[in-house]
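The first residue of the sequence shown is numbered 1, and numbering continues consecutively from there.
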Amino acid sequence: MFDGTTACIDALLAHWSALRPGVKRHTIINAAKRGGYTTTKDRRAWTPEEDRFLEANWHKMSGDAVASALGRSFTSVNLRRKRIGISRYDGDELTIRDLEGLTQIDHRQWQEFIARGWLKARQRGRRNGAVPITYVTLNAVRALLGDHPEIYDYRRAPQATVAALELHRLAEPPLWKRVVCRSASWREQVKPTPLGRTVTHGPAAMAMRVHSFRQRSCADEGGTSFWAPLYASPCCPRCGCQVSRYADDGIFTDLDPGSDEVIDIQARKLGLRWRDGKLHDAAGGVVSDRDILAALFSAGRRAARSIQAFEKLLDAGLSLVQPRPVAPHVLLDNILDLELRPDQERALASFVRTGSMTAAHAMSFGKSTLGMTAMTRIAGRHLLMVDTQLLREQWIEKLSALAPRVEVAHRYKPSKDLVTVFDREGRERCVIEIYSYQTRAKLDGSWVVGCFDEVHRLPAALAHRHAFARTQYRIGLSATPDLRCDGRGVFVSRMTGALVGDDWGEQMDRGVVKRIPVKVLLVENREHKHQVVGELLRRHDSVVVLCEAIEDGRELELRYGIPFIHSQTKNKLRMVRAAKSMVLSRVGDAGISVPHCQVTVDHSGLFGSRIQSLQRLGRLMHSERALYHCILMTREERFERFAGRVDAIRKKGFEVIEEEAPPYRPEGKGLLSPILQARVSAQENRFLSMLGWMKEGVSAAA
């Protein structure tokens, strides 16, 4: 018998579902209504008092508690609240989702504030294990922002948020907060580490490497506490890790704490302390700025990171050059067997006026003469930085030829050369210590004159730390100080002094510097370059070929019987002076004088390097028999990849002629094997000249 109860409907549903699958509860209820059946269930109408109780307590009490208080079932109460328009989340309080929508702070972050005990909240339970609904009051939100104003910039909040949360009732926020770094990133660990270059084609190769640190982490030190702007996401001044922007201790101030604390934290990593605006060592002595910079940029630091920090300091205005004129009593008489030209005298006067200078005159002007004069006319211990061993040998050669007497000694650990120069009376005038830019030695002590030959090398990743050497005066020498492809050439003037003589046009107009003709010969490929070199060797008595790849240099040496001088060659300068024609690797790009050279050939280079292109032209400008400078390039190199090499020469005022190289002649099949053909030189080699003529005759006959 149908009575409308739940038990009756469940029994009928079970019976009819077996006969007709898909029957629903409402189907049975509607069929009973059509058949005239009525329910015996007591249906109580909702009174206005019950509706008001339901509306007032639905968001405060659980659904089961409301149903129990009203003496009704949960289903009845839940249906009634829907009918009268009570939403699940409505009420006088705010839910976490409401706060997320108003402030754009993630709901998980609000839950963290509750877990920390910063935000007071209550939870309303739900049935069947559903996640409880969290409610907070407006007073609780304002109390949180009052205790921790760094959480939300309520003075810049949208008007709707200000009105909803009544943020206008809050006091003005402070300016600074106290934060603590508890990072454990500085700990020894084994982790996957990329191998090889930073930029790779495809995934980088990885290997398990041990990472260790010289100092303990902030976590091991008990935390590093420091002041930070209120709404900033600060980085730890000790370890560099990003720190939580929340002030755990709730310490704030409106007074600017300054930078003394941060500097002291950083100084403690070096075993120093910062007090009263000065750095102090462990003994309490004051440490100078130059000493601390030299320690920061010592050879122990990674070069890539060191140069980045150095660039930031230079961008911020750091200058290692201090104006210090050379006093008249310091400048002694000239002991070198040479006389300066008037323009060289003017350049030297610029150095004397300021105590620092970067001589940017064109090649063959005599920049090394300025450096030798400055060092030999001022007594004391001098520093000379050179780029290659070949340049070191040339400096010693010039000093030995021009000074009254010179004593040369080589020292190891660190590797350096000591050149002691004596005056005409036999008294010691000065001692010049020659180092390479590649040295990792600590340049301790102080020097009188610091001379930096080919100073465009000084801003390099490894060499830049030598700029912190303590010198009273300094002079930089380079025809191309500001043409570095990485843009660091602009820093040279802050390292060695203002540029002097960078206008080459004036020097050429006066005839001091030669206007060397430049030819760009367009070739088909690498083998065509080798053939053009052979043609030039047959036409001219003295040809200097400058190439980038060691493989190319060895090939030209075997093919044409001319010496190839590279980094592993012994007695480099002696070979340069003895050979009429030669092949030079990158060791001969800059600074080397070849007085008997007629033609220089830029065979292959370091991509589009403007410095290398101009410096190779300069090797011919030093010559007394110069005819022209020849650049060999394929069409792709000339017009698509390395056009800057030619443009740099044009911008300096040199005439450039471009033409096709003699036609490429592929090697045909001859009687000699290719290996023997490469080893048999042409008539330039006196020992193999007969066989060379035989080879030409055989090729012609073939």
NZ/NE/NH1/NH2 to OD/OE distance under 4.0 Å, [X] and [Y]:
X: Glu535; Y: Arg538; result: yes
X: Glu506; Y: Arg346; result: no
X: Glu407; Y: Arg405; result: yes
X: Arg488; Y: Asp486; result: yes
X: Asp423; Y: Arg377; result: no
X: Arg392; Y: Glu397; result: no
X: Arg526; Y: Asp552; result: yes
X: Glu658; Y: Arg638; result: yes
X: Lys580; Y: Asp541; result: no
X: Asp509; Y: Arg515; result: yes

[Y] and [X] side chains, donor-acceptor separation under 3.5 Å:
X: Asp589; Y: Gln615; answer: no
X: Ser478; Y: His456; answer: yes
X: Thr358; Y: Thr496; answer: yes
X: Lys514; Y: Ser364; answer: no
X: His566; Y: Ser585; answer: no
X: Ser613; Y: Arg610; answer: no
X: Glu636; Y: Thr634; answer: no

Least distance between heavy atoms, Ile516 atom then Ala626 atom: CD1-CB, 3.7 Å

Residues, nucleotides or ligands: over 12 heavy atoms within 6.0 Å of Arg650 CZ: yes

Lys651 atom NZ, neighbour heavy-atom count above 12 within 6.0 Å: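 No, NZ of Lys651 has 12 or fewer neighbouring heavy atoms, counting only those of other groups under 6.0 Å.
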
is_close_aromatic(His540, Tyr628), centroid dist under 6.0 Å: yes

Aromatic contact, His466 with Phe468 (centres under 6.0 Å):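 Not under 6.0 Å, so no.
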
His603 and His530 aromatic ring geometry - parallel, tilted or perpendicular at 30°/60° bounds: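 Parallel: the ring planes of His530 and His603 meet at under 30°.
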
Plane angle bin for Phe452 and Tyr437 - parallel if under 30°, tilted between 30 and 60°, otherwise perpendicular: parallel

Lys NZ or Arg CZ of Arg341 over Phe365 ring: under 6.0 Å, within 45°: yes

Heavy-atom donor-acceptor pair, Gln598 side chain to Arg625 backbone, under 3.5 Å: no

CA sep, side-chain torsions, deciding dist, call: Ser604, Lys529, side chain to side chain donor-acceptor pair (under 3.5 Å): CA-CA 9 Å; Ser604 55; Lys529 286 186 179 182; 5.5 Å; no

Atom pair CD/CG of Glu339 and Asn334 - distance to nearest 0.5 Å: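 One gets 8.5 Å once the value is rounded to the nearest 0.5 Å.
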
